[in-house]
Amino acid sequence: MTSRTSTAPARTVREHPHYVIGLLFALREDPDCVVVRWRDRALTAREVHASVVAAASGLAAHGVGPETILGILTEPNSPGTLVARYAAHLLGAGVVHVASTNAASSEAVLSVAAQVSALRETGAALLVVDAANVDRARELRARLPEPLALVCLSGPAPGFLDLTAAAGAYGFLNDLKDPTASVALITKSPGVITYTSGSTGRPKGVRRSLSTWNHMVAATVDSGSRPRMLVTTPLSHTIGPMVDAAITSGGSVVLHEEFEAGAVLEAVSTHRVTRTFLASPHIYELLDHPDFESTDLSSLRELLYGGCPASPARLEQAVRALGPVLIQTYGTTESWGISVLTPPDHLRPELLASVGRPLPGVDVVIRDPETGRDLPSATTGEVCVRSPVMMEGYCGDGDPVRSVLNDGWLRTGDLGHLDDEGCLHLVGRLGDVIKSKGEKVHPVAVENALLSHPRVAQAAVYGVRDADEVEHVHAAVVLHGAPDGRSSAEWARQTAEGARDAVVTELREHVATTLSPFHAPAVITLRERLPLTASGKPDKRLLRAEARARPSECHHMESESVQ
Ligand code: AMP
């Protein structure tokens, strides 16, 4: 049997109220087509279909149903991550991912304590793992006071429930083909619990029902194309429903466990990738990669990005290099997508400082964060949204929900305003506003000012309190390589301290003249790369902690980041 990626024309998607059944229908249309690539494996539609049905049969035989919550602990962005979720949802069970799915981040492996707490908080009765996580599963079970059944997707393991013995014993699939039966199942299902990155405090379990997840997939299914989608961000987050929609549309996915610019360039040209979703800083890394110019990226039709503020200056560069394929999305784990900046919008430089217009069905209002009153839209205030795919609430304690979700309106914690065209402009997050010498400084404004300097490739700005609790503006900056071809790191290593001081002074003056002396960072740290969180946002918590550990620094070259 030959395996191939489908290049067949688009076809009509068979609608079904349960997204997994719609996806299984799609897999049966072209069974020999490769639908999932991961590491050196290429899985056909037939193989993925068989894995989902076998796992669901086995789980059903062990009593899994709409009342059950399943923990999923698999290798980052592996096919097992998808198979476990599809099997659980087919039975109406809910899922919680108890691992970060990005190996490169500072949150790479959640601590055992955090995993135990997620399993307890969600009331998971069963943990589904792959071969790589068998030992961790035993450790988690030993630490939990409540019983936890274990299942290994890769085959039987001592002390684990045996899925294979029961496979095929259950005829649920035929029952579920009846849309009325699956609607009843969907209504009862807990759906998905996603843990937020915790960048604003303790990670919170965001609950979303299966019917909402169905809505998210349906909103993204596109019967007009068979996308070839590259995945580098955690499957447990924003990209999950997009992946389901791509497969349901007759497309395929290439799964990478993390973002690495060289690997992304290679995958796009080798697999003729048509769609991907990246964090904004990943776009800069692609643009700055030595292979960028020579790589054929002509297959790319949709480069979605978001997750943190994007630099207008760098977006202009990306549009020049890639054409009208960029689509910026703004959203939160709680609300999912809020607004979109379309490819034609990217051709209007004045719109690049915005995050575009609200998505269909999403309402955006600007409110006074203190009083909660609606503000005229051109006035800066807290962005509040109402969306058809809103979370139901957080796990555990009800108080945090009451404070962010009221009458269906979510307080995003983002500050922004709407312009005359209805485009939303974000200036920062409520808690991130820096009080510099009594003036309010929004980090995004300083980041954009730094990024408008020709030497700056990436920038992250954050407030750091000194021993007297006085807050200062700090910036971590990645420079473009030296004009003679040396990389930024080589330049920093070989260049005398005086020259580095001169660059830092120049950047500080650039911000002071572009914005105001209050905005000029007190400390500028030159780095080889910015540390990013699992979802690709600059890891400002880590940068702040590093700055606090070096209280006397004025500006500093990260010696450990220079290889
Ligand atoms: P999370 O819930 O971890 O996905 O983080 C959501 C937050 O990321 C939002 O509240 C924003 O602060 C930020 N964010 C997401 N997308 C964008 C974007 N396109 N531009 C600026 N900030 C963004």
Side-chain angles (χ1 to χ4, degrees), residues 97 100-102 105-107 192-208 216 233-242 277-284 303-312 314-315 318 326-342 345-346 351-359 362 364 366 369 382-385 387 389-391 394 400 404-405 410-417 423-433 442-445 447-448 451 459-462 532-541:
H97 292 274
S100 161
T101 51
N102 187 330
S105 84
S106 55
E107 308 147 22
V192 178
I193 299 157
T194 311
Y195 273 83
T196 59
S197 57
S199 54
T200 50
R202 195 176 80 83
K204 292 188 288 270
V206 171
R207 290 188 290 113
R208 194 169 259 116
M216 288 152 92
T233 54
L235 273 178
S236 49
H237 283 70
T238 312
I239 206 162
M242 296 190 214
F277 174 81
L278 302 176
S280 311
H282 293 158
I283 297 186
Y284 317 153
L303 200 175
L304 295 111
Y305 68 94
C308 59
S311 143
R314 302 238 57 196
L315 289 180
L326 287 137
I327 304 171
Q328 183 174 169
T329 63
Y330 157 58
T332 69
T333 308
E334 287 84 347
S335 62
W336 210 48
I338 296 173
S339 69
V340 63
L341 191 72
T342 64
D345 291 339
H346 279 78
L351 293 185
L352 294 180
S354 82
V355 293
R357 296 173 191 81
L359 283 159
V362 176
V364 172
I366 306 296
E382 185 174 10
V383 179
C384 296
V385 297
S387 145
V389 292
M390 188 65 78
M391 69 165 180
Y394 296 116
V404 299
L405 195 59
L410 175 83
R411 297 183 59 171
T412 61
D414 293 317
L415 290 169
H417 64 269
C423 285
L424 183 60
H425 296 251
L426 299 179
V427 294
R429 288 193 55 79
L430 261 174
D432 284 352
V433 180
H442 291 295
V444 177
E447 284 163 8
N448 286 339
L451 283 156
V461 171
Y462 43 98
L532 302 180
T533 65
S535 45
K537 303 175 201 289
D539 194 341
K540 294 189 181 178
R541 200 163 44 169

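Whatever order the structure lists them in is the order used to number ligands and atoms, beginning at 1. Computed from a prediction, not measured in an experiment: that's the story for all the values here. Residues take their numbers from the sequence shown, with the count starting at 1.
- Considering NE2 of His282 and CG of Leu532, their distance stands at 5.0 Å, rounded to 0.5 Å.
- Below 3.5 Å of separation, one finds no N or O of Thr332 facing any N or O of ligand 1.
- Less than 4.0 angstrom separates some heavy atom of Arg429 from each of these atoms of ligand 1: 10 (O), 12 (O).
- At a threshold of 4.5 Å between non-hydrogen side-chain atoms, the residues Val461 and Asp432 do not count as touching.
- Comparing heavy-atom distances from atom 22 (N) of ligand 1 across Gly428, Cys308, Ala279, Gly306 singles out Cys308 as nearest.
- In the vicinity of Thr329, heavy-atom distances shorter than 4.0 Å reach the ligand 1 atoms 16 (N), 18 (C), 19 (N).
- Side-chain contact check for Leu410 versus Ser387: every heavy-atom pair is 4.5 Å or farther apart.
- Under 4.0 Å from ligand 1, not a single heavy atom of His237 appears.
- Of all the atoms in ligand 1, the ones that sit under 4.0 Å from a non-hydrogen atom of Thr333 are 1 (P), 2 (O), 3 (O), 4 (O).
- Heavy-atom proximity to Leu426, at under 4.0 Å, picks out these atoms of ligand 1: 21 (C), 22 (N).
- Taking the ring centre of Tyr462 as origin, the terminal cationic atom of Lys540 falls outside the region bounded by 6.0 Å and 45° from the ring axis.
- Between His346 and Tyr305, the angle of the ring planes goes over 60°, which puts this pair in the perpendicular group of the 30/60° scheme.
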